[in-house]
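Since the model is a prediction, treat every value here as computed from it, not as a measurement.
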Amino acid sequence: MKITKDNLTIRSESGNPDDTIIQAGTPNANVLLLKADNITISGFKILGATDPIHSGIYLSSCRNCTIDNNKLLNNGLGIYTLYSSGNIISNNTVTNNEEYGIAIQSSKDNLLSGNTASDSSRGIHFGNSDGNTFSDNTVQNNSVYGFYICPRSDRNLIYNNYFNNTNMTIKNGEGNSYNITKTSALTL
């Protein structure tokens, strides 16, 4: 489903993602493709974009959108942003996706908070993305890596997250800040 109208709220009636499912029409299509600003997507289970290059939710050149309280599973990518800014991605469960749980690509000034990214190939990926805040997330049991930040990603703030993955790849850009207080598991 392609959404091109600004200022929309799409919310399940119950607010419980297990009650309302949005599934891809075909495996090689994005479930929700957002190409507008000020959109809210909340309270859905989103699945079925199983082709490795397609997403449960894909934000393309979007601003000020809110992706909140969703479950994204069995997609190529759970949540993918490209050239998007000022978005809030919070309290989502992103699990069992083939390539990435959450991928932030060429995007800036987004807030990712309270999400769980698990049991995918790659949990969280920042590529060429600046000024994002990544806090209070849980990243665990991803097979290739849990968290990756490329050297062209600058001025990101990463703190109070729980990481339980053996491979964390930080190719630090300029001005990134990390909280490194140790707890019972690796915390950055």
Answer with yes or no whether the hydrophobic clustering places [X] together with [Y]; edges join I, L, V, M, F, W, Y residues whose side-chain heavy atoms lie under 4.5 Å apart.
{"X": "I53", "Y": "L33", "result": "no"}
{"X": "I88", "Y": "I102", "result": "no"}
{"X": "I10", "Y": "I21", "result": "no"}
{"X": "Y80", "Y": "V94", "result": "no"}
{"X": "Y100", "Y": "V139", "result": "no"}

> Would S90 and L111 count as a side chain to side chain contact (heavy atoms under 4.5 Å, CB included) if you check the C-alpha gap in whole Å, the side-chain angles of each, and the deciding distance to 0.1 Å?
Replying inline: CA-CA 8 Å; S90 64; L111 171 64; over 6 Å; no
Measure the spacing between [atom1] of [X] and [atom2] of [Y] and express it to the nearest 0.5 Å.
{"X": "I39", "Y": "I3", "atom1": "CD1", "atom2": "CD1", "value": "5.5 Å"}
{"X": "N142", "Y": "N164", "atom1": "CG", "atom2": "CG", "value": "10.0 Å"}
{"X": "T116", "Y": "Y162", "atom1": "OG1", "atom2": "OH", "value": "11.0 Å"}
{"X": "L34", "Y": "I57", "atom1": "CG", "atom2": "CD1", "value": "7.0 Å"}
{"X": "N74", "Y": "L47", "atom1": "CG", "atom2": "CG", "value": "6.0 Å"}
{"X": "K71", "Y": "N16", "atom1": "NZ", "atom2": "CG", "value": "7.0 Å"}

Check the side chains of [Y] and [X] for a donor-acceptor pair under 3.5 angstrom, ignoring hydrogens and angles.
{"X": "D6", "Y": "N38", "value": "no"}
{"X": "N69", "Y": "N91", "value": "no"}
{"X": "T95", "Y": "S118", "value": "yes"}
{"X": "N115", "Y": "N92", "value": "yes"}

>> Working note: N156 + N132, criterion side chain to side chain donor-acceptor pair (under 3.5 Å); need CA distance, chi angles, decisive distance, verdict.
In response: CA-CA 5 Å; N156 294 290; N132 298 288; 3.2 Å; yes
With a 4.5 Å limit on heavy-atom distance, are the side chains of [X] and [Y] in contact?
{"X": "S177", "Y": "L157", "answer": "yes"}
{"X": "N137", "Y": "I124", "answer": "no"}
{"X": "C62", "Y": "T81", "answer": "no"}
{"X": "Y58", "Y": "L77", "answer": "no"}
{"X": "S42", "Y": "T66", "answer": "no"}
{"X": "N75", "Y": "S55", "answer": "no"}
{"X": "C150", "Y": "K171", "answer": "no"}
{"X": "I79", "Y": "L112", "answer": "no"}

>> Does the plane of the ring in H125 sit parallel, tilted or perpendicular to the ring in Y148? Use 30° and 60° as the thresholds.
In response: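 Ring orientation, 0 to 90° scale: parallel.
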Tell me the closest heavy-atom pair linking [X] and [Y], and the distance in Å.
{"X": "G127", "Y": "S153", "result": "C-OG, 3.7 Å"}
{"X": "S84", "Y": "S107", "result": "O-CB, 3.0 Å"}
{"X": "I104", "Y": "S129", "result": "O-OG, 3.1 Å"}
{"X": "G123", "Y": "A117", "result": "O-CB, 4.0 Å"}
{"X": "A29", "Y": "A24", "result": "O-CB, 4.0 Å"}
{"X": "Q105", "Y": "N128", "result": "NE2-ND2, 3.7 Å"}

Using modelled atom types only, decide if a donor and an acceptor are shared between the side chain of [X] and the backbone of [Y] within a distance under 3.5 Å.
{"X": "N110", "Y": "I89", "result": "no"}
{"X": "N97", "Y": "S120", "result": "no"}
{"X": "N161", "Y": "F134", "result": "yes"}
{"X": "T20", "Y": "F44", "result": "no"}
{"X": "D130", "Y": "D154", "result": "yes"}
{"X": "N30", "Y": "H54", "result": "no"}
{"X": "T40", "Y": "T9", "result": "no"}
{"X": "N160", "Y": "D136", "result": "no"}
{"X": "N70", "Y": "I41", "result": "yes"}

>> For F163, run the ring-ring contact (aromatic ring centres under 6.0 Å, His included) check against F147, Y145, Y178 and tell me which one passes.
In response: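 Filter result, single survivor: F147.
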> Is R155 salt-bridged to E174, going by a charged N under 4.0 Å from an acidic O?
Replying inline: no
> Are more than 12 heavy atoms from other residues, nucleotides or ligands located less than 6.0 Å from atom NZ of K108?
Replying inline: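 Incorrect, the count does not exceed 12.
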> Between Q23 and V31, is a side chain to side chain contact (heavy atoms under 4.5 Å, CB included) present by the stated rule, with each step listed?
Replying inline: CA-CA 6 Å; Q23 187 164 351; V31 181; over 6 Å; no
